2 protein chains.
Amino acid sequence: MDTGLRNWQGVREEVLRRIHARVWAPGDLLPTETELAAEFGCARTTVNRALRTLAESGLLDRKRKAGTRVVRHPVRKATLSIPVIRLEIEKQNKSYGYALLSREMETPPADVLARMCLRKGSGLLHLQSLHLADGQPYAFEDRWINTAAVPESLDADLESMSANEWLVMNAPFTNGDIAFSAVNATDQEAELLGTQSGVALFVVERSTWNGNVAITSVKLVCAPGYRMRTDI
Amino acid sequence: MDTGLRNWQGVREEVLRRIHARVWAPGDLLPTETELAAEFGCARTTVNRALRTLAESGLLDRKRKAGTRVVRHPVRKATLSIPVIRLEIEKQNKSYGYALLSREMETPPADVLARMCLRKGSGLLHLQSLHLADGQPYAFEDRWINTAAVPESLDADLESMSANEWLVMNAPFTNGDIAFSAVNATDQEAELLGTQSGVALFVVERSTWNGNVAITSVKLVCAPGYRMRTDI
DNA sequence: CAGTGGTCTAGACCACCAG
DNA sequence: TGGTGGTCTAGACCACTGC
(Lines give C-alpha, C1' and ligand atoms only; values in the text may rest on other atoms or scores of the structure.)
Protein backbone atom coordinates (compact mmCIF):
# COMPACT_ATOMS: atom_id res chain seq x y z
CA MET A 1 0.00 0.00 0.00
CA ASP A 2 1.39 3.33 -1.08
CA THR A 3 0.07 6.20 0.99
CA GLY A 4 2.35 8.65 -0.72
CA LEU A 5 4.57 9.68 2.21
CA ARG A 6 7.77 10.10 0.31
CA ASN A 7 9.98 12.08 2.64
CA TRP A 8 11.22 11.41 6.14
CA GLN A 9 9.53 14.46 7.69
CA GLY A 10 6.22 13.24 6.34
CA VAL A 11 6.76 9.78 7.77
CA ARG A 12 7.77 11.30 11.11
CA GLU A 13 4.60 13.40 11.23
CA GLU A 14 2.41 10.42 10.42
CA VAL A 15 4.07 8.25 13.05
CA LEU A 16 3.71 11.07 15.59
CA ARG A 17 0.05 11.41 14.67
CA ARG A 18 -0.55 7.72 15.26
CA ILE A 19 1.19 7.85 18.63
CA HIS A 20 -0.93 10.80 19.70
CA ALA A 21 -4.05 9.13 18.36
CA ARG A 22 -3.20 5.99 20.36
CA VAL A 23 -3.01 3.82 17.27
CA TRP A 24 0.30 2.89 18.89
CA ALA A 25 -0.07 3.38 22.64
CA PRO A 26 2.79 3.69 25.14
CA GLY A 27 4.59 0.35 25.35
CA ASP A 28 3.31 -0.88 21.99
CA LEU A 29 5.50 -2.46 19.35
CA LEU A 30 5.56 -0.73 15.99
CA PRO A 31 5.73 -2.58 12.66
CA THR A 32 9.24 -3.17 11.34
CA GLU A 33 10.95 -0.61 9.13
CA THR A 34 10.42 -2.86 6.14
CA GLU A 35 6.68 -3.12 6.78
CA LEU A 36 6.31 0.63 7.27
CA ALA A 37 8.33 1.31 4.13
CA ALA A 38 5.94 -0.92 2.19
CA GLU A 39 2.91 0.81 3.69
CA PHE A 40 4.22 4.32 3.05
CA GLY A 41 5.59 3.46 -0.35
CA CYS A 42 9.10 4.67 0.34
CA ALA A 43 12.54 3.22 0.93
CA ARG A 44 13.45 1.65 4.26
CA THR A 45 16.20 4.28 4.64
CA THR A 46 13.53 6.97 4.75
CA VAL A 47 11.54 5.20 7.46
CA ASN A 48 14.79 4.63 9.34
CA ARG A 49 15.59 8.34 9.36
CA ALA A 50 12.10 9.22 10.64
CA LEU A 51 12.13 6.63 13.42
CA ARG A 52 15.73 7.42 14.38
CA THR A 53 14.82 11.08 14.78
CA LEU A 54 11.85 10.22 17.00
CA ALA A 55 14.06 7.91 19.06
CA GLU A 56 16.63 10.68 19.52
CA SER A 57 13.93 12.99 20.82
CA GLY A 58 12.96 10.34 23.35
CA LEU A 59 9.59 9.16 22.04
CA LEU A 60 10.59 5.78 20.71
CA ASP A 61 12.82 3.04 22.02
CA ARG A 62 14.64 1.02 19.39
CA LYS A 63 16.52 -2.22 19.83
CA ARG A 64 17.86 -4.62 17.27
CA LYS A 65 15.83 -7.78 17.11
CA ALA A 66 13.41 -6.44 19.72
CA GLY A 67 11.99 -3.82 17.40
CA THR A 68 10.66 -0.30 17.96
CA ARG A 69 8.39 0.57 20.90
CA VAL A 70 6.60 3.70 22.06
CA VAL A 71 8.24 4.62 25.37
CA ARG A 72 6.01 4.46 28.46
CA HIS A 73 7.24 7.58 30.17
CA PRO A 74 8.23 9.98 27.43
CA VAL A 75 11.24 11.69 28.96
CA ARG A 76 11.01 15.06 27.32
CA LYS A 77 14.29 16.58 26.34
CA ALA A 78 14.82 20.30 26.37
CA THR A 79 17.78 21.72 24.49
CA LEU A 80 19.32 24.72 26.16
CA SER A 81 21.59 26.98 24.21
CA ILE A 82 24.48 28.20 26.31
CA PRO A 83 25.33 31.45 24.63
CA VAL A 84 28.23 33.78 25.11
CA ILE A 85 26.81 36.27 27.61
CA ARG A 86 27.60 39.23 25.39
CA LEU A 87 25.47 37.77 22.61
CA GLU A 88 22.67 36.92 25.02
CA ILE A 89 22.52 40.54 26.15
CA GLU A 90 22.85 42.02 22.69
CA LYS A 91 19.98 39.85 21.49
CA GLN A 92 17.80 41.75 23.97
CA ASN A 93 18.86 44.99 22.27
CA LYS A 94 20.83 46.05 25.30
CA SER A 95 24.37 47.33 25.36
CA TYR A 96 26.91 44.94 26.81
CA GLY A 97 29.42 45.99 29.42
CA TYR A 98 32.14 44.10 31.20
CA ALA A 99 34.41 44.84 34.13
CA LEU A 100 37.33 42.79 35.41
CA LEU A 101 37.30 42.96 39.19
CA SER A 102 40.29 40.85 40.11
CA ARG A 103 42.92 38.60 38.58
CA GLU A 104 45.28 36.56 40.74
CA MET A 105 47.19 33.31 40.75
CA GLU A 106 45.75 31.44 43.72
CA THR A 107 45.40 28.05 45.29
CA PRO A 108 41.75 27.17 44.72
CA PRO A 109 39.46 25.93 47.47
CA ALA A 110 38.78 22.21 47.70
CA ASP A 111 35.37 22.29 46.00
CA VAL A 112 36.80 23.93 42.88
CA LEU A 113 39.63 21.39 42.75
CA ALA A 114 37.12 18.58 43.07
CA ARG A 115 34.92 20.02 40.33
CA MET A 116 37.87 20.24 37.99
CA CYS A 117 39.26 16.86 39.04
CA LEU A 118 42.66 18.37 39.88
CA ARG A 119 44.87 17.53 42.81
CA LYS A 120 45.99 19.99 45.39
CA GLY A 121 49.04 22.17 44.90
CA SER A 122 48.29 23.45 41.45
CA GLY A 123 48.00 27.21 41.30
CA LEU A 124 45.18 28.42 39.09
CA LEU A 125 44.34 31.76 37.54
CA HIS A 126 41.41 33.22 39.46
CA LEU A 127 39.26 35.84 37.75
CA GLN A 128 36.29 37.76 39.07
CA SER A 129 34.29 39.95 36.76
CA LEU A 130 30.94 41.57 36.22
CA HIS A 131 28.74 41.50 33.14
CA LEU A 132 26.51 44.51 32.56
CA ALA A 133 23.41 45.05 30.42
CA ASP A 134 22.65 48.69 29.67
CA GLY A 135 24.95 49.56 32.54
CA GLN A 136 23.01 47.46 35.04
CA PRO A 137 24.63 44.43 36.71
CA TYR A 138 23.64 41.30 34.81
CA ALA A 139 25.81 38.53 36.26
CA PHE A 140 28.80 38.07 38.51
CA GLU A 141 31.41 35.69 37.18
CA ASP A 142 33.86 33.76 39.34
CA ARG A 143 36.25 31.76 37.20
CA TRP A 144 39.27 29.50 37.63
CA ILE A 145 41.52 28.70 34.68
CA ASN A 146 43.98 25.82 34.56
CA THR A 147 47.08 27.64 33.37
CA ALA A 148 48.90 24.34 32.97
CA ALA A 149 46.44 23.53 30.17
CA VAL A 150 46.15 27.06 28.77
CA PRO A 151 49.44 28.87 29.47
CA GLU A 152 48.58 31.64 26.96
CA SER A 153 45.82 32.76 29.31
CA LEU A 154 48.51 34.35 31.51
CA ASP A 155 49.28 36.84 28.74
CA ALA A 156 45.72 37.33 27.52
CA ASP A 157 44.22 40.80 27.60
CA LEU A 158 41.23 40.15 29.82
CA GLU A 159 40.45 43.81 30.48
CA SER A 160 38.72 44.42 27.18
CA MET A 161 37.46 40.94 26.37
CA SER A 162 35.70 38.64 28.80
CA ALA A 163 37.44 35.42 29.75
CA ASN A 164 34.48 33.57 28.34
CA GLU A 165 35.05 34.91 24.84
CA TRP A 166 38.81 34.62 25.09
CA LEU A 167 38.50 30.96 26.00
CA VAL A 168 35.93 30.24 23.31
CA MET A 169 38.36 31.53 20.71
CA ASN A 170 41.58 30.16 22.18
CA ALA A 171 40.88 27.05 24.23
CA PRO A 172 38.46 24.65 22.60
CA PHE A 173 36.99 21.96 24.80
CA THR A 174 35.65 18.55 24.05
CA ASN A 175 33.30 17.98 26.95
CA GLY A 176 32.00 19.49 30.13
CA ASP A 177 29.14 19.68 32.54
CA ILE A 178 26.76 22.34 33.62
CA ALA A 179 24.58 22.72 36.71
CA PHE A 180 21.85 25.09 37.77
CA SER A 181 20.78 25.99 41.29
CA ALA A 182 19.43 28.72 43.52
CA VAL A 183 21.32 30.51 46.30
CA ASN A 184 20.73 33.35 48.72
CA ALA A 185 22.91 36.35 47.85
CA THR A 186 25.98 36.83 50.02
CA ASP A 187 26.88 40.36 51.09
CA GLN A 188 29.49 40.57 48.32
CA GLU A 189 27.14 39.28 45.64
CA ALA A 190 24.37 41.58 46.78
CA GLU A 191 26.59 44.62 46.58
CA LEU A 192 27.97 43.73 43.17
CA LEU A 193 24.56 42.98 41.72
CA GLY A 194 22.89 45.99 43.30
CA THR A 195 20.48 44.12 45.52
CA GLN A 196 20.08 43.03 49.14
CA SER A 197 21.83 40.08 50.69
CA GLY A 198 19.58 37.07 51.03
CA VAL A 199 17.74 37.63 47.76
CA ALA A 200 17.35 34.42 45.73
CA LEU A 201 19.77 34.28 42.80
CA PHE A 202 19.99 31.90 39.88
CA VAL A 203 23.38 30.21 39.59
CA VAL A 204 25.02 28.49 36.64
CA GLU A 205 28.16 26.42 37.20
CA ARG A 206 30.12 25.07 34.28
CA SER A 207 33.33 23.09 33.94
CA THR A 208 35.02 22.15 30.70
CA TRP A 209 37.73 19.73 29.64
CA ASN A 210 39.81 19.04 26.61
CA GLY A 211 40.00 15.28 26.70
CA ASN A 212 40.73 14.70 30.37
CA VAL A 213 42.58 17.96 30.89
CA ALA A 214 40.56 20.50 32.88
CA ILE A 215 40.37 23.88 31.17
CA THR A 216 38.18 26.06 33.31
CA SER A 217 35.48 26.10 35.93
CA VAL A 218 33.13 29.03 36.21
CA LYS A 219 30.32 30.08 38.49
CA LEU A 220 27.89 32.62 37.15
CA VAL A 221 25.63 34.33 39.67
CA CYS A 222 22.79 36.04 37.81
CA ALA A 223 21.05 39.25 38.86
CA PRO A 224 17.67 38.91 40.62
CA GLY A 225 14.77 37.98 38.35
CA TYR A 226 16.90 36.03 35.90
CA ARG A 227 14.85 33.45 34.05
CA MET A 228 16.14 30.79 31.73
CA ARG A 229 13.55 29.50 29.29
CA THR A 230 13.34 27.17 26.34
CA ASP A 231 10.84 25.27 24.24
CA ILE A 232 10.23 21.56 24.55
CA MET B 1 43.13 9.62 -1.37
CA ASP B 2 41.63 6.96 0.81
CA THR B 3 42.39 7.45 4.49
CA GLY B 4 40.15 4.59 5.44
CA LEU B 5 37.47 6.41 7.42
CA ARG B 6 34.57 4.28 6.42
CA ASN B 7 31.87 5.16 8.89
CA TRP B 8 30.19 8.40 9.79
CA GLN B 9 31.35 8.41 13.42
CA GLY B 10 34.94 8.11 12.23
CA VAL B 11 34.48 10.99 9.81
CA ARG B 12 32.87 13.05 12.57
CA GLU B 13 35.81 12.42 14.92
CA GLU B 14 38.33 13.35 12.27
CA VAL B 15 36.50 16.57 11.37
CA LEU B 16 36.24 17.41 15.09
CA ARG B 17 39.94 16.77 15.51
CA ARG B 18 40.76 19.13 12.67
CA ILE B 19 38.55 21.83 14.12
CA HIS B 20 40.21 21.50 17.50
CA ALA B 21 43.64 21.43 15.87
CA ARG B 22 42.79 24.63 13.98
CA VAL B 23 43.22 23.00 10.62
CA TRP B 24 39.83 24.57 10.09
CA ALA B 25 39.60 27.61 12.33
CA PRO B 26 36.37 29.39 13.37
CA GLY B 27 34.87 31.07 10.33
CA ASP B 28 36.72 28.86 7.84
CA LEU B 29 35.11 27.16 4.89
CA LEU B 30 35.38 23.38 4.78
CA PRO B 31 35.86 21.38 1.56
CA THR B 32 32.66 20.22 -0.09
CA GLU B 33 31.06 16.91 0.82
CA THR B 34 32.23 15.45 -2.47
CA GLU B 35 35.84 16.45 -1.83
CA LEU B 36 35.81 15.08 1.70
CA ALA B 37 34.21 11.85 0.50
CA ALA B 38 37.04 11.45 -1.99
CA GLU B 39 39.68 12.19 0.66
CA PHE B 40 38.17 9.81 3.20
CA GLY B 41 37.38 7.16 0.66
CA CYS B 42 33.72 6.85 1.52
CA ALA B 43 30.36 7.76 0.03
CA ARG B 44 29.11 11.35 0.13
CA THR B 45 26.13 10.15 2.18
CA THR B 46 28.51 9.16 4.96
CA VAL B 47 30.22 12.55 5.00
CA ASN B 48 26.80 14.18 4.90
CA ARG B 49 25.69 12.32 8.01
CA ALA B 50 28.84 13.30 9.90
CA LEU B 51 28.64 16.97 8.98
CA ARG B 52 24.88 17.12 9.57
CA THR B 53 25.39 15.75 13.08
CA LEU B 54 28.05 18.36 13.83
CA ALA B 55 25.80 21.08 12.46
CA GLU B 56 22.96 19.90 14.72
CA SER B 57 25.22 20.14 17.74
CA GLY B 58 26.03 23.70 16.77
CA LEU B 59 29.65 23.44 15.63
CA LEU B 60 29.15 23.86 11.91
CA ASP B 61 27.00 26.14 9.83
CA ARG B 62 25.78 24.70 6.57
CA LYS B 63 24.15 26.49 3.66
CA ARG B 64 23.43 25.33 0.17
CA LYS B 65 25.76 26.87 -2.33
CA ALA B 66 27.59 28.74 0.44
CA GLY B 67 29.12 25.55 1.81
CA THR B 68 30.03 24.44 5.33
CA ARG B 69 31.75 26.75 7.82
CA VAL B 70 33.07 26.38 11.36
CA VAL B 71 30.89 28.67 13.49
CA ARG B 72 32.65 31.60 15.19
CA HIS B 73 30.90 31.42 18.54
CA PRO B 74 30.10 27.77 19.15
CA VAL B 75 26.77 27.98 20.95
CA ARG B 76 26.95 24.89 23.09
CA LYS B 77 23.70 23.05 23.47
CA ALA B 78 22.88 21.18 26.63
CA THR B 79 20.12 18.61 26.51
CA LEU B 80 18.13 18.39 29.70
CA SER B 81 15.98 15.40 30.37
CA ILE B 82 12.75 16.36 32.07
CA PRO B 83 11.88 13.19 33.92
CA VAL B 84 8.77 12.15 35.74
CA ILE B 85 9.59 13.17 39.32
CA ARG B 86 8.90 9.70 40.64
CA LEU B 87 11.52 8.21 38.35
CA GLU B 88 14.00 10.95 39.17
CA ILE B 89 13.68 10.11 42.87
CA GLU B 90 13.73 6.36 42.39
CA LYS B 91 16.92 6.68 40.36
CA GLN B 92 18.56 8.02 43.51
CA ASN B 93 17.49 4.84 45.31
CA LYS B 94 15.02 6.73 47.43
CA SER B 95 11.42 5.84 48.03
CA TYR B 96 8.89 8.07 46.33
CA GLY B 97 5.96 9.57 48.18
CA TYR B 98 3.17 11.83 47.04
CA ALA B 99 0.46 13.79 48.79
CA LEU B 100 -2.43 15.66 47.23
CA LEU B 101 -2.99 18.83 49.25
CA SER B 102 -5.90 20.45 47.46
CA ARG B 103 -8.07 20.03 44.40
CA GLU B 104 -10.53 22.72 43.37
CA MET B 105 -12.17 24.21 40.31
CA GLU B 106 -11.06 27.81 40.37
CA THR B 107 -10.63 30.90 38.27
CA PRO B 108 -6.89 31.17 37.77
CA PRO B 109 -4.92 34.37 38.38
CA ALA B 110 -3.99 36.50 35.40
CA ASP B 111 -0.40 35.29 35.09
CA VAL B 112 -1.48 31.66 34.80
CA LEU B 113 -4.05 32.57 32.15
CA ALA B 114 -1.41 34.48 30.24
CA ARG B 115 1.05 31.61 30.45
CA MET B 116 -1.55 29.24 29.06
CA CYS B 117 -2.79 31.74 26.48
CA LEU B 118 -6.39 31.38 27.71
CA ARG B 119 -8.93 34.13 28.13
CA LYS B 120 -10.62 35.02 31.36
CA GLY B 121 -13.73 33.24 32.53
CA SER B 122 -12.59 29.70 32.03
CA GLY B 123 -12.55 27.68 35.23
CA LEU B 124 -9.56 25.41 35.58
CA LEU B 125 -8.77 22.47 37.82
CA HIS B 126 -6.30 23.63 40.43
CA LEU B 127 -4.12 21.02 42.14
CA GLN B 128 -1.55 21.43 44.85
CA SER B 129 0.59 18.52 45.88
CA LEU B 130 3.83 17.53 47.50
CA HIS B 131 6.46 15.11 46.23
CA LEU B 132 8.49 13.25 48.85
CA ALA B 133 11.82 11.44 48.72
CA ASP B 134 12.39 9.00 51.58
CA GLY B 135 9.63 10.83 53.42
CA GLN B 136 11.35 14.20 53.10
CA PRO B 137 9.75 17.03 51.10
CA TYR B 138 11.25 17.08 47.61
CA ALA B 139 9.15 19.52 45.63
CA PHE B 140 5.91 21.45 45.91
CA GLU B 141 3.72 21.28 42.84
CA ASP B 142 1.15 23.91 41.91
CA ARG B 143 -0.76 22.88 38.80
CA TRP B 144 -3.61 24.13 36.63
CA ILE B 145 -5.32 21.80 34.19
CA ASN B 146 -7.50 22.96 31.30
CA THR B 147 -10.56 20.74 31.84
CA ALA B 148 -12.01 21.90 28.55
CA ALA B 149 -9.13 20.12 26.83
CA VAL B 150 -8.91 17.17 29.22
CA PRO B 151 -12.42 16.57 30.64
CA GLU B 152 -11.44 13.10 31.90
CA SER B 153 -9.14 14.78 34.41
CA LEU B 154 -12.23 15.66 36.49
CA ASP B 155 -12.80 11.96 37.16
CA ALA B 156 -9.16 10.97 37.51
CA ASP B 157 -7.95 9.39 40.71
CA LEU B 158 -5.27 11.87 41.67
CA GLU B 159 -4.90 10.65 45.25
CA SER B 160 -2.75 7.67 44.41
CA MET B 161 -1.12 8.84 41.19
CA SER B 162 0.45 12.24 40.67
CA ALA B 163 -1.16 14.52 38.12
CA ASN B 164 2.11 14.49 36.26
CA GLU B 165 1.95 10.78 35.63
CA TRP B 166 -1.77 10.80 34.95
CA LEU B 167 -1.30 13.46 32.28
CA VAL B 168 1.68 11.72 30.71
CA MET B 169 -0.47 8.64 30.19
CA ASN B 170 -3.74 10.34 29.29
CA ALA B 171 -3.07 13.70 27.70
CA PRO B 172 -0.26 13.73 25.18
CA PHE B 173 1.11 17.09 24.15
CA THR B 174 2.81 18.30 21.04
CA ASN B 175 4.74 21.27 22.32
CA GLY B 176 5.44 23.36 25.36
CA ASP B 177 7.90 25.56 27.12
CA ILE B 178 9.89 25.35 30.29
CA ALA B 179 11.56 28.00 32.43
CA PHE B 180 13.92 27.92 35.39
CA SER B 181 14.40 30.57 38.03
CA ALA B 182 15.20 31.23 41.68
CA VAL B 183 12.78 32.56 44.31
CA ASN B 184 12.77 33.24 48.01
CA ALA B 185 10.51 30.79 49.85
CA THR B 186 7.13 32.16 50.88
CA ASP B 187 5.80 31.23 54.32
CA GLN B 188 3.61 28.52 52.76
CA GLU B 189 6.42 27.07 50.68
CA ALA B 190 8.82 27.12 53.61
CA GLU B 191 6.38 25.24 55.82
CA LEU B 192 5.59 22.63 53.18
CA LEU B 193 9.23 22.07 52.30
CA GLY B 194 10.39 22.05 55.92
CA THR B 195 12.60 25.10 55.76
CA GLN B 196 12.56 28.79 56.64
CA SER B 197 10.86 31.46 54.60
CA GLY B 198 13.28 33.46 52.50
CA VAL B 199 15.51 30.52 51.65
CA ALA B 200 16.46 30.41 47.96
CA LEU B 201 14.51 27.78 46.06
CA PHE B 202 14.90 26.44 42.54
CA VAL B 203 11.73 26.77 40.46
CA VAL B 204 10.67 24.98 37.31
CA GLU B 205 7.65 26.25 35.36
CA ARG B 206 6.26 24.25 32.49
CA SER B 207 3.29 24.69 30.17
CA THR B 208 2.16 22.25 27.52
CA TRP B 209 -0.15 22.32 24.53
CA ASN B 210 -1.71 19.87 22.16
CA GLY B 211 -1.57 21.82 18.94
CA ASN B 212 -2.79 25.22 20.11
CA VAL B 213 -4.99 23.87 22.93
CA ALA B 214 -3.48 24.48 26.36
CA ILE B 215 -3.30 21.32 28.47
CA THR B 216 -1.64 22.23 31.73
CA SER B 217 0.65 24.69 33.42
CA VAL B 218 2.69 23.65 36.41
CA LYS B 219 5.04 25.33 38.83
CA LEU B 220 7.43 23.10 40.70
CA VAL B 221 9.17 24.58 43.73
CA CYS B 222 12.10 22.36 44.70
CA ALA B 223 13.40 21.79 48.20
CA PRO B 224 16.52 23.74 49.27
CA GLY B 225 19.76 22.49 47.75
CA TYR B 226 18.18 21.21 44.57
CA ARG B 227 20.66 21.06 41.71
CA MET B 228 19.94 20.32 38.11
CA ARG B 229 22.93 19.09 36.17
CA THR B 230 23.77 17.75 32.76
CA ASP B 231 26.70 17.12 30.44
CA ILE B 232 27.59 19.29 27.49
C1' DC C 1 20.11 -18.68 15.27
C1' DA C 2 17.18 -15.75 12.99
C1' DG C 3 15.03 -11.26 12.93
C1' DT C 4 15.62 -6.55 13.67
C1' DG C 5 17.74 -2.12 13.30
C1' DG C 6 22.34 0.32 11.85
C1' DT C 7 24.91 1.67 8.25
C1' DC C 8 27.35 2.00 3.67
C1' DT C 9 27.19 2.59 -1.33
C1' DA C 10 26.50 4.57 -5.96
C1' DG C 11 23.65 7.13 -8.35
C1' DA C 12 20.10 10.37 -8.95
C1' DC C 13 17.21 14.51 -8.64
C1' DC C 14 16.01 18.61 -6.39
C1' DA C 15 15.92 23.11 -3.53
C1' DC C 16 18.16 26.76 -2.39
C1' DC C 17 20.85 30.78 -2.82
C1' DA C 18 25.36 33.49 -3.44
C1' DG C 19 27.58 35.64 -7.15
C1' DT D 1 22.53 30.25 -13.03
C1' DG D 2 25.64 27.02 -11.41
C1' DG D 3 27.44 25.00 -7.24
C1' DT D 4 26.29 23.24 -2.87
C1' DG D 5 23.89 20.67 0.49
C1' DG D 6 19.38 17.81 1.25
C1' DT D 7 17.25 13.84 0.34
C1' DC D 8 15.46 9.48 -1.89
C1' DT D 9 16.30 4.83 -3.73
C1' DA D 10 17.49 -0.07 -4.10
C1' DG D 11 20.40 -3.18 -2.59
C1' DA D 12 23.73 -4.98 0.44
C1' DC D 13 26.21 -6.46 4.60
C1' DC D 14 26.75 -6.27 9.38
C1' DA D 15 25.91 -6.06 14.67
C1' DC D 16 23.31 -6.94 18.13
C1' DT D 17 20.17 -9.54 20.90
C1' DG D 18 15.83 -12.05 22.21
C1' DC D 19 14.26 -16.52 21.76
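All values reported here derive from a predicted model rather than from experimental measurement. So you know, we letter chains A, B, ... as the sequences are listed, proteins then strands, and number each from 1.
For residues 65-74 of chain A, the set of pairs meeting the side chain to side chain donor-acceptor pair (under 3.5 Å) definition, not counting sequence neighbours, comprises A:R62-A:T68. For residues 84-94 of chain B, the pairs satisfying salt bridge (Lys or Arg N to Asp or Glu O under 4.0 Å) are B:R86-B:E90, B:R86-B:E165, with sequence neighbours left out. The ring-ring contact (aromatic ring centres under 6.0 Å, His included) contacts involving residues 141-165 of chain B comprise B:H126-B:W144, where partners must be two or more places apart or lie in separate chains.
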Kindly give the atom pairs (protein nitrogen or oxygen, nucleotide nitrogen or oxygen) under 3.5 Å for nucleotides 1-3 of chain D.
from: D:dG3; atom 1: O4'; to: B:K65; atom 2: NZ; distance (Å): 3.3

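With sequence neighbours excluded, no residue satisfies ring pair (Phe, Tyr, Trp, His ring centres under 6.0 Å) with B:F173. For the salt bridge (charged side-chain N to carboxylate O under 4.0 Å, His left out) test, residues two or more places apart in sequence or in another chain that qualify with B:D231 are B:R229. Partners of B:R64 by salt bridge (charged side-chain N to carboxylate O under 4.0 Å, His left out), not counting sequence neighbours: none found. Applying the side chain to side chain donor-acceptor pair (under 3.5 Å) rule to B:Q9 yields no partners; only residues at least two apart in sequence or on another chain are considered. Shown here are the side chain to side chain donor-acceptor pair (under 3.5 Å) partners of B:S207, two or more places apart in sequence or in another chain: B:S217.
Between A:W8 and B:E33, the residue anchored nearer the 5' end of DNA chain D, judged by the nucleotide with its closest heavy atom, is B:E33.
Distance, A:N7 CG to C:dC13 C1': 14 Å, rounded to whole Å. Rounded to an integer number of Å, the gap from CG of A:L60 to P of C:dG6 is 11 Å. For the pair A:D61 CG and C:dT4 P, the computed distance is 16 Å after rounding to whole Å. For A:F40 and D:dT7, the CZ to P distance is 18 Å, given to the nearest whole Å. Taking atom CZ of residue A:R12 and atom C1' of nucleotide D:dT7, one finds them 14 Å apart after rounding to whole Å. Protein atom CZ of B:R69 is 11 Å distant from nucleotide atom P of D:dG5, rounded to whole Å.
Residues from residues 43-55 of chain B lying near DNA chain C, meaning a heavy-atom separation below 4.0 Å, are B:A43, B:R44, B:T45, B:T46, B:R49 in numerical order. Proximity of residues 23-31 of chain A to DNA chain C (heavy atom under 4.0 angstrom from any strand atom) is not detected for any residue.
Counting only heavy atoms from C-beta outward, the side chains of B:L118 and B:L113 approach each other to under 4.5 Å.
Proximity of A:Q9 to the phosphate of D:dG6: no side-chain N or O atom is located under 4.0 Å from OP1 or OP2. At D:dT4, none of the side-chain N or O atoms of B:R62 fall inside 4.0 Å of OP1 or OP2 (strictly under the cut-off).
Residue contacts for B:T68: at a heavy-atom cut-off of 4.0 Å it reaches the sugar-phosphate backbone alone, with no base atom in range.
Remark: side-chain polar atoms of A:N48 are not paired, donor with acceptor, to backbone N or O of A:R44 under 3.5 angstrom.
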With a 3.5 Å cut-off and sequence neighbours excluded, list the donor-acceptor pairs that the side chains of residues 148-155 of chain A form with protein atoms.
from: A:S153; atom 1: OG; to: A:V150; atom 2: O; distance (Å): 2.6

